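One structure is given here, and the rest of the page talks about it.
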2 protein chains.
Amino acid sequence: MLFSTKAEYGVRLMVELGRRAGTTAPEEAEPVALATVAEAELLPLSYLEHLVAKLRQADLVSSVRGAHGGYRLAKPAREIAMLDVVEALEGPVAPMECFHTEREGRVLCSHEVDGDRACATKLLWTRVHGGVTKALAGTSLAELVEFADAAAATAALPEPVA
Amino acid sequence: MLFSTKAEYGVRLMVELGRRAGTTAPEEAEPVALATVAEAELLPLSYLEHLVAKLRQADLVSSVRGAHGGYRLAKPAREIAMLDVVEALEGPVAPMECFHTEREGRVLCSHEVDGDRACATKLLWTRVHGGVTKALAGTSLAELVEFADAAAATAALPEPVA
DNA sequence: ACAAATCCTAGCTGTCCAGTCGGAAAACCG
DNA sequence: CGGTTTTCCGACTGGACAGCTAGGATTTGT
Ligand code: FES
Ligand code: FES
């Protein structure tokens, strides 16, 4: 059980955009060309194009076309929940094929739709689903950006000789 | 992102074994033929054979060969954590390909192994992983069995005429 | 001996991930 | 203007893996 690289790459992309924007309001930040982040993160450019398209459709990034164009965050990093990012890339997050969350948090599973019998495993998948969404929804892009900046800062320190 | 049907079917199988055992100690319970649970849960028998093999290797069920043979739980349902069940079926649970949990809970990811740079997304996947494992480890088979029994009981009530 | 069951290995079919490719449209620059 | 840089869009592919199925060998009750 794992997320695909769509999520991995897409999250990287968002973090990179967040880092370049820094503290400036997203509207004023310079758009970043996709080739730049592809080089920085060592990811295939042509693949990133597909991912960023989904992020744009979800209104998480905005684009500027033409020369000197690129992408920037559509809203400040603190207001972007990673749940939205991941769902934009991978579709609705559910632990099982048969598991569909209704709008009001009500859970449906195939066995119940069929109506024949109560589903024994629903309790388990509901808990798992809750754990994942809670972790995802409770993490903002800003947190990851800070985390990445902090890691880069310590890495940039002159290596003490052993 | 989802678990495969291996987990779904396997959990069903375990619940079924737990229900048939009832409150009797697992050693004394009659072994249940796989064909029985296949019929009860409408699952392909030949596929279940593969799944139960993994559960047996993980010492979650024990088998009795020959006529009147079958499977039973290897220990009381209350002592079986669903995390073990799922991991036996799907392998180690990790949200990403690049994400490996060391024995002491330490987390390694490919970027760090390469040593070149700190991984920006590790924070996120660590939280997700924690959410999933917490949900899975905190749920025992006994809980699911009780849940299933309760649901079956209400369903068995005579349907009030509309 | 026979039947009922577990056990084991192999293979098959579709789906989807990960990535490539080619080219169109849009905007800037001289 | 024309050329360059970029986003944008669709189609295509190669491989991996999920989800079975088939066939048989082995063990054990009656
Ligand atoms: S049918 Fe899978 S959770 Fe109910
Ligand atoms: S490389 Fe994926 S979590 Fe670090």
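Because the structure is a prediction, the values reported are computed rather than measured. We name chains A, B, ... by the order of the sequence lines, and we start the count at 1 in each one.
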- Item | Y9(A) side-chain N/O to dG19(C) phosphate OP1/OP2 under 4.0 Å | yes
- Per side-chain contact (heavy atoms from CB on, under 4.5 Å), V32(A) is matched among L13(A), L73(A), V37(A) by V37(A)
- Those residues that, when tested against E146(B), pass side chain to side chain donor-acceptor pair (under 3.5 Å) (two or more places apart): R78(B)
- Query: Given dT30(D), is OP1 or OP2 found less than 4.0 Å from the side-chain N or O atoms of H68(B)?
  - Reply: yes
- So which nucleotide from dT20(C), dG29(D), dA26(C) ends up closest to the side chain of R65(A)? dA26(C)
- Message: With the threshold set at under 4.0 Å for non-hydrogen atoms, list the residues of residues 47-57 of chain A touching DNA chain C in residue-number order.
- Response: Y47(A), H50(A)
- Task: Figure out the CG/P separation between L45(B) and dG23(D), and round it to whole Å.
- Result: 15 Å
- Ignoring the backbone of A67(B), work out which of dT7(D), dG29(D), dA18(D) is nearest its side chain. dG29(D)
- Least distance between heavy atoms, E16(B) atom then A40(B) atom: OE2-CB, 3.7 Å
- Output yes when at least one side-chain N/O atom of S4(B) is less than 4.0 Å from OP1 or OP2 of dC17(D), else no. no
- Message: Taking 4.0 Å as the cut-off, does a side-chain nitrogen or oxygen of S46(B) come that near to OP1 or OP2 on dT21(D)?
- Response: yes
- With a 4.0 Å cut-off on heavy atoms, is T5(B) in touch with a base, just the backbone sugar-phosphate, or nothing at all? sugar-phosphate
- Listed by chain and number, what are the side chain to side chain donor-acceptor pair (under 3.5 Å) partners of E87(B), not counting sequence neighbours? none
- Item | ring pair (Phe, Tyr, Trp, His ring centres under 6.0 Å) against F147(B), all qualifying residues, sequence neighbours excluded | none
- Sequence-distant partners of A137(B), side chain to side chain contact (heavy atoms under 4.5 Å, CB included), two or more places apart: L83(B)
- Message: Distance check needed: dT7(D) P versus R72(A) CZ, whole Å only.
- Response: 12 Å
- Message: Without decimals, in angstroms, what is the distance between Y71(B) OH and dT27(D) C1'?
- Response: 12 Å
- Whole-Å gap separating C1' (dA18(C)) and CG (L89(A)): 14 Å
- Message: Is it the case that the side chain of E90(A) and the backbone of A7(A) share a donor-acceptor pair, with hydrogens and angles ignored and the cut-off at 3.5 Å?
- Response: yes
- Message: Check the phosphate of dG19(D) against K6(B), side-chain N and O only, distance under 4.0 Å to OP1 or OP2. Yes or no?
- Response: no
- Item | Under the side chain to side chain donor-acceptor pair (under 3.5 Å) test, residues paired with R127(B) that sit two or more places apart | T139(A), E143(A)
- Item | Interatomic distance, L43(A) CG vs dG19(C) C1' [rounded to whole Å] | 12 Å
- Item | Rounded distance (Å) that lies between atom P of dT6(D) and atom CD of E39(A) | 12 Å
- Measure the distance from CD on E30(B) to C1' on dT28(D) and round it to the nearest whole Å. 15 Å
- Item | Pairwise 5' ranking along DNA chain C for P44(A) and V32(B), keeping only the more 5' one | V32(B)
- So what does S63(A) touch, heavy atoms closer than 4.0 Å: a base, only the sugar-phosphate, or nothing? sugar-phosphate
- Atom CD of E8(A) and atom C1' of dC17(C): how far apart are they, to the nearest Å? 15 Å
